[in-house]
Amino acid sequence: MMLRTVLRNEWRLLRADRALALVLGVFALLFAYALSNGLAWVDFQEETLAAAREGNAERVGNLEAELQRIADGGQPSSPFRDPRSPSVLGGAPGAQTAVLDPGPLTALAVGQSDLLPYYYDVSIRTNESTFLQNGEIENPLNLLVGRFDLAFVVVYLLPLLILALSFNVLSGEREQGTLALTLAQPVSARGVVGAKLAFRAILVMGLALGVSLLGVLFSGGFGSPGRVALWCATVAAYALFWFTLAAWVNGLGRSSAWNATVLVGAWLLLVVVLPAGVNITAGLLHPLPSRVEMITAQREASNEAVNQRSELLARYLEDHPELAGGVAADEANRAALAWAATDAVNRRLEEVTSVHDERLGAQRTLVRRYRFLSPALLTQEALLDAAGTGDARFARFQSQVREFSERWQTFFVPAILTGELMSVDVLPTLPSFRFVDEQVQEVRARAVIPLAALGGLLVLVGAGAVVRLRRVTGP
Amino acid sequence: MSTEAVLDTPATGEAPPIPVRAAELEDPILEARSLVKRYGDIEAVAGLDLSIQPGEVYCLLGPNGAGKTTTIHLFLGFIEPDSGRVRVSGFDVAQNALDARRRLAYVPEQVMLYRNLSGLENLQYFAALGGRETLSSERLTEILVDVGLPLPAVGRRVAEYSKGMRQKVGIAIAVAKDAEALLLDEPTSGLDPKASREFSELIETLRGRGVAVLMATHDLFRAKESGTRIGIMRHGRLVTELSTGEIGHADLERIYLDHMQE
């Protein structure tokens, strides 16, 4: 009964207070803008992928037509681009486009999908450097600050809205003098504060979850109810954390100005300083090798390989004796020599990129270890994972592309070494790529840890709030 | 000073145990025993014993800092006593604050309301919090008008109210609660003479219904007019208790001033 009474009164107060209505209106606009940004990004990504697929189909179509023409007695259009040659059919002219479709909730959280490649043209030239490049050109400032998407609004701005609505939930009553009449009634300060915060939580979560569900609706993400539920649970837990923090600070019995200062300080510390500190520490302790170093290594290996092609081919065949039968290790088999050089460059690159991968792994381990310091880090991780734009899904995509690249090379390299010519009949037997997406159970299993940690923080702060508010018996 | 009785109130000491709910119907509605409240070295209430029966209007007189408001806050459970017990309708305030408050209505010296809401909306809110959520808007409007708020002001924002109008809304909140006991802290502060007179009549009505009233005031005239008993407090102690039926205004003023000069 008390809850209903307070909710009704809070609604009246909200309607009567233009400033509060204005704050809510501004945030509703921010949410809408963030959603439209996310939807625009998904449109862009889908258009890009459609163009990439179209280019791939056109490429394969041209090769097929030329192979058919040759089979019918025609001549290759160029002796250097004879599609029967396995190094042409398996190389750039016949490259297969491996595509990662947008995650089910990408419209809500762009994450690193604007930074990490979401398609690769896989050929026998694909090597480690392929995975370190992004084919799309993007405004570096956009990449630096990240997209203004719903995940950004939830992680960074939602706490500010919650604090703006809740910093004086009890101190304001005390300062305007209404607490005396309130606590003269058979209600506890804890109950009143809880009911007032419940009203704000309904508003804020209604806004955040409502816009999220609209985004899911517009982007067709209801096909992944598990991810939607995970998103909603994360948003709710994060919002409740800030509400309980506001309750706890109010329970300390200080002025509204003091509450505001402390809560904004907490926001700065937990949302800005700690995450930045963890990232900077990770970068300092495990610095990534420079790209210049990597490119230089690639060039040096490439030059060296070109100069020693015959030796490299002999060494390659020593390593792969099963391919040695029928291979002519002389200048006449240029394709075989070229492949030996490519393989040598790839090995050298693997050495360099393994250092990069190792340090990146160390950085991620460190960030994972210290993410528990900040609810913002935990929330961001869970939201990106729910949206399918987190590290895990990209790593899965790259891993499958690597595996596909190996299958592609395994298919073509023996033919390159033996100088075998291919026909149009080989096209249906070519390896193909289809991304096998992660199951929602895997996502859920990963999300348990950040969500449990967020829940733990919530319980801890909530217990503090209850203890403090129990002590408030008078104005 | 025929009925004057100086109370022998111990300054400190453990109060005897009190059951949570008293059994006898004739028990006082408001009762304090050996009540002590200290703020640092200062004893705001120093061993107060007080007992107010149904239909009794007890006026606490005393200078600023005498402990009147602290006594009221102790009855409301806003603050905890250092020792002693406070009971409302038999409920120990320390153990059952909410049960005690359910039986209490309170009008503070400065009635502060939600400025952006109307007087009626404020009354609806506080009445509902007090357990009277079933009262209709019409009935609440009647109560507001009965305590002297002009009808056109009922729906206006409280931000436009004078102090006296806010005070009337505070009194209306107390009336709407229909409580067994009424705690009044300088309730006529800010009221004009006519409203003060109406307030006295209201107190008389409530007294007739068996409500126990504890009123802290500086207003000797109002205390004499409305009260059935008067207690004079000084330095946290109840130094004198008088029955208003047996003294005149002049006697009261003289007794009061005598005690203030001691």
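Worth saying up front: this structure is predicted, and the values here are computed from it rather than measured. Lettering of chains follows the sequences in order, A, B, ..., and the numbering in each one begins at 1.
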Separation of [Y] [atom2] from [X] [atom1] (nearest 0.5 Å):
{"X": "A:R15", "Y": "B:N116", "atom1": "CZ", "atom2": "CG", "result": "12.0 Å"}
{"X": "A:R174", "Y": "B:M112", "atom1": "CZ", "atom2": "CE", "result": "14.5 Å"}
{"X": "A:R8", "Y": "B:E133", "atom1": "CZ", "atom2": "CD", "result": "10.0 Å"}
{"X": "B:R115", "Y": "A:T178", "atom1": "CZ", "atom2": "OG1", "result": "11.5 Å"}

> Does the side-chain contact (heavy atoms from CB on, under 4.5 Å) test come out yes or no for B:Y125 and A:E10, once each step is laid out?
Replying inline: CA-CA 10 Å; B:Y125 174 59; A:E10 290 298 310; 5.6 Å; no
> Between the side chain of A:T473 and the main-chain N/O of B:F78, is any donor-acceptor distance below 3.5 Å?
Replying inline: yes
Could you tell me if the side chain of [Y] sits less than 4.5 Å from the side chain of [X], heavy atoms only?
{"X": "A:V187", "Y": "B:R101", "result": "no"}
{"X": "B:E121", "Y": "A:R12", "result": "yes"}
{"X": "A:Q185", "Y": "B:I173", "result": "yes"}
{"X": "A:L181", "Y": "B:L129", "result": "no"}

>> Under a 4.5 Å cutoff for heavy-atom pairs, which residue among A:P186, A:G177, A:A189 has the most contacts with chain B?
In response: A:P186
> At a heavy-atom separation under 4.5 Å, does B:V107 approach chain A through its side chain, its backbone, both, or neither?
Replying inline: neither
[X] atom [atom1]: more than 12 heavy-atom contacts under 6.0 Å:
{"X": "B:I42", "atom1": "CD1", "value": "no"}
{"X": "A:W258", "atom1": "CH2", "value": "yes"}
{"X": "B:E80", "atom1": "CD", "value": "no"}

>> Please give me the minimum heavy-atom distance between A:T182 and B:Y114, naming the atom from each residue.
In response: OG1-OH, 4.1 Å
> Checking side-chain contact (heavy atoms from CB on, under 4.5 Å) for the pair B:L117/A:L13: CA distance, chi angles, key distance, verdict?
Replying inline: CA-CA 7 Å; B:L117 302 186; A:L13 289 169; 3.7 Å; yes
>> With a 4.5 angstrom heavy-atom cut-off, is it the side chain or the backbone of A:V6 that approaches chain B, or both, or neither?
In response: both
